[in-house]
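Following: one structure in structure tokens, then a few remarks.
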Amino acid sequence: AAGETIAFHFASSTSPFDVEIVNMASPFTVLQKITAVSSEARDCRGKWETGCQWPVSTTLTVPSHYVPGYYAARFPTGKGTRRILFVVRAAVPGSYAPIAVIQPSYSDVAYNRFGGKSVYDNISDDGRRAHIVSFNRPYYEDAGLARFQIWESRFVAWMKAEGRAFEVITDHDMEAGIPLNGYKAVLIVGHSEYWSLKGRRQLEAYSRSGGHG
């Protein structure tokens with residue numbers, strides 16, 4: 001949320017470099033740059049369970065003018081541009097828009113094969129799935145955007161064309177018990193397959209109390 005700080009863990013052979021922050025609703029507009037970030041190439045092979053354990057390279061305190069939505073930190077590497085997908089949520093749920101989208105962070109992590117394995121045989125090294133995968137890995141797909149372009153990007157483009165505001169919360173937020181009573185509708189866009197029991201019960205309670213899902 002605005003005023004909170006995100007720690008970025010980069011691993012790039014291109015150093016120093018600038019990090020560009022973009023709102024994925026307008027990905028060609030750079031909102032700000034974090035300049036002269038230092039890093040180095042680091043390995044994460046075989047660390048799908050423990051996570052990459054890279055050190056913090058830089059931080060971003062979310063400005064107050066960042067509206068809720070999907071964002072990315074874009075930066076150069078020796079293998080081309082990569083992105084770190086993140087979400088800016090409203091400090092008070094429902095204060096910016098009456099509609100919330102649940103970003104499927106748990107599903108994205110389950111499908112993520114960075115380091116060698118996901119929870120699926122067909123997208124894991126040697127054709128054998130992992131039973132534990134870490135959140136502390138970059139997303140392998142689409143240079144760090146996970147499956148955003150497959151699913152949520154179409155919704156974002158449509159809402160922008162319609163002039164409709166929305167907020168975004170993640171599976172992590174659902175697990176943390178973020179209040180949903182400020183929303184008229186909570187949406188799942190695309191493929192949200194993995195849930196925690198606490199997050200599922202939270203959404204069920206919202207629906208039973210008259211919320212629209």
Side-chain angles (χ1 to χ4, degrees), residues 1-2 4-12 17-34 37 39 42 44 47-48 51-52 54 56-63 66-77 79-90 96 100-115 118-119 123 133-160 166-176 178 187-195 199:
E4 296 183 339
T5 299
I6 302 172
F8 291 116
H9 304 250
F10 294 113
S12 174
F17 57 89
D18 295 343
V19 180
E20 297 177 336
I21 306 298
V22 298
N23 185 326
M24 294 305 295
S26 301
F28 300 108
T29 301
V30 177
L31 299 175
Q32 71 180 97
K33 286 186 179 182
I34 306 172
V37 177
S39 181
R42 299 178 187 274
C44 193
K47 297 181 180 179
W48 58 83
C52 298
W54 296 336
V56 175
S57 302
T58 191
T59 61
L60 168 70
T61 299
V62 179
Y66 278 22
V67 300
Y70 299 87
Y71 287 75
R74 191 165 60 200
F75 63 103
T77 74
K79 296 183 179 180
T81 301
R82 287 194 60 88
R83 288 79 61 94
I84 297 176
L85 183 69
F86 66 95
V87 161
V88 172
R89 57 177 172 78
Y96 177 76
V101 179
I102 302 175
Q103 195 272 329
S105 52
Y106 288 178
S107 296
D108 285 346
V109 168
Y111 280 87
N112 184 22
R113 61 188 176 104
F114 198 93
S118 70
V119 300
I123 46 175
V133 289
S134 173
F135 289 97
N136 296 320
R137 300 174 297 151
Y139 289 132
Y140 182 91
E141 291 182 297
D142 200 10
L145 290 181
R147 298 181 298 162
F148 173 82
Q149 303 281 28
I150 299 174
W151 300 111
E152 293 115 312
S153 65
R154 292 171 171 81
F155 172 82
V156 171
W158 179 71
M159 291 291 275
K160 182 180 178 181
F166 64 96
E167 296 182 11
V168 184
I169 56 180
T170 68
D171 287 337
H172 294 74
D173 294 324
M174 295 292 290
E175 172 72 11
I178 189 171
L187 308 181
I188 296 171
V189 178
H191 190 74
S192 181
E193 184 178 354
Y194 290 85
W195 286 69

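In this structure, the separation between CD1 on Ile84 and NE2 on His9 is 8.5 Å, given to the nearest 0.5 Å.
A donor-acceptor pair shorter than 3.5 Å cannot be found between the side chains of Gln103 and Asp173. Looking at Thr5 and Thr59, their side chains never bring a donor and an acceptor atom within 3.5 Å of each other. A side-chain N or O of Tyr111 and one of Glu193 form a donor-acceptor pair less than 3.5 Å apart. Between the side chains of Ser26 and Asn23, no donor-acceptor pair of N or O atoms lies under 3.5 Å.
Panel note: side chain Thr170, backbone Ser105; no donor-acceptor pair is recorded below 3.5 Å.
Taking both residues in full, the closest heavy atoms of Pro63 and Gln32 are given as CG-OE1, 3.4 Å, listed atom of the first, atom of the second, then distance. Considering all non-hydrogen atoms of both residues, Asn112 and Tyr140 come closest at OD1-N, 2.8 Å. The two atoms that bring Ser12 and Ser39 nearest to each other are N-OG, 3.3 Å, heavy atoms only. Across every non-hydrogen atom of Pro27 and Met24, the tightest pair is CD-O, 3.4 Å.
For Phe148 and Tyr139, the ring centers are positioned 6.0 Å apart or more.
Under 4.0 Å is where a charged nitrogen must lie from a carboxylate oxygen, and between Asp142 and Arg147 no such pair does. Salt-bridge formation is detected for the pair Arg89/Glu4: a Lys NZ or Arg NE/NH1/NH2 atom is positioned less than 4.0 Å from an Asp or Glu carboxylate oxygen.
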